[in-house]
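Working notes, beginning with the structure itself.
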Amino acid sequence: MKKICVIGSLNMDLVVNVDEMPKKGQTLIGSSFREVPGGKGANQAVAIARLGGDICMIGKIGNDSFGKILLNQLKEDNVKTDYIKEENCSSGVAIITVDKNAENSIVVAPGANFKLLKEDIDKCIDGINNSDIVVVQLETPIDTIRYSLQKAKELEKYTILNPAPAVKLDDSIIKNVDLLTPNETELEILSGISIKNEEDIKIAARTMIEKGVKELIVTLGSKGSLYINKDEFKFKKSYKVNAIDTTAAGDSYTGALAVAFSKDKSIDKAMDFASKVGALTVMKKGAQTSLPKIEDVINFKGE
Ligand code: RIB
């Protein structure tokens, strides 16, 4: 089995459930409050560990109680944490509201995540060097992401970029991405092409391929996912489930793809596995609290 390294964020999620999302200037009374370990990077690392992947994570926590909880959760899930460093500041925090349709809205205060710098990647280079697959997202400084991908490619690793939260990326980042895993909105922002239908997705994906991305898997929520490389195109339908909270579904999907590739599975098998993992994730509340274990995926009888 190939080894995986996630470089990215750790956040404590402060989650409130509401019926409807608040409007501008509106105060709402929510129904519950929970603190849940999250952060796109840590969610992906934990998803990979629970699905049986060999995983280390590079990231930063603050010297506060949230930092300790976030680190302990990674350890409990058997993520290798030698490259998680502590900074003299607050840990990342995400303020999340989840509505009755399972949709969320998230605001992140990055805290220690934004202290992950290029020199930290140099100090943790063994984490990349000893891995085969490197997974990054966009909740750490953009220069660090650019540098991490550049180093990973110099060391001949397979790179996965989950471009969330989406920002326009320059070509020096894109050219070092083997697999890009955007949702439709993220692809629209990255490519600058407005997406209304499947044909637009193909055009936008091809734009990214021209810039150097080798392949894309575009997630379409409850509809499914699309695989696109320079000469192939495949659609995979989602499994139908009763969604109660979509938080971390994109993270678990990307993590599941990394695990499938670490076991040399085909694209079809990898997409099927990741669809099951995404479906199981939306059936439970929270970020890391909702990530399934490999046994859950094996026992999943989805339609
Ligand atoms: O993708 C979900 C994650 O986004 C949450 O866990 C939150 O921390 C934000 O990073």
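None of the values given here were measured: they were computed from a predicted structure. When reading the values below, keep in mind they use all heavy atoms of this one structure, side chains included, and skip hydrogens, waters and symmetry mates. Numbering of ligands and ligand atoms starts at 1, following listing order.
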Does [X] pair with [Y] as a salt bridge, N-O distance under 4.0 Å?
X	Y	value
D296	K276	no
E184	K223	yes
K118	D143	no

Is the closest heavy atom of G39 to ligand 1 under 4.0 Å?
->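 Under 4.0 Å: yes for G39.
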
So does K284 have more than 12 non-hydrogen atoms from other groups sitting under 6.0 Å from NZ?
->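 12 or below, so no.
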
For ligand 1, which atoms have a heavy atom of [X] less than 4.0 angstrom away?
X	result
G38	6 (O), 8 (O)
A287	6 (O)
K40	1 (O), 2 (C), 3 (C), 4 (O), 10 (O)
E139	4 (O), 9 (C), 10 (O)
A94	7 (C), 8 (O)
I106	4 (O)

Quick one: look up the protein heavy atom nearest [atom] and list residue, atom name and how far away it is.
atom	value
atom 2 (C) of ligand 1	D251 OD2, 3.3 Å
atom 3 (C) of ligand 1	N43 ND2, 3.7 Å
atom 8 (O) of ligand 1	D13 OD1, 2.6 Å

What's the verdict on salt bridge (charged side-chain N to carboxylate O under 4.0 Å, His left out) for D132 and K157, showing C-alpha distance, side-chain angles and the deciding distance?
-> CA-CA 5 Å; D132 306 282; K157 309 303 175 188; 5.3 Å; no

Please name all residues satisfying side chain to side chain donor-acceptor pair (under 3.5 Å) with K285, sequence neighbours left out, ordered by chain then number.
->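 None.
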
Show me the donor-acceptor pairs, under 3.5 Å and distance only, between side chains in residues 23-32 and residues at least two apart or in other chains.
unit_1: Q26; atom_1: OE1; unit_2: K23; atom_2: N; d: 2.7
unit_1: S31; atom_1: OG; unit_2: N17; atom_2: O; d: 3.4
unit_1: S32; atom_1: OG; unit_2: N17; atom_2: OD1; d: 3.2

Audit row: Y227, F235, ring pair (Phe, Tyr, Trp, His ring centres under 6.0 Å) steps and yes/no | CA-CA 6 Å; Y227 171 83; F235 173 71; over 10 Å; no

Nitrogen or oxygen of S9 less than 3.5 angstrom from that of ligand 1 =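 By distance alone, the answer is no.
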
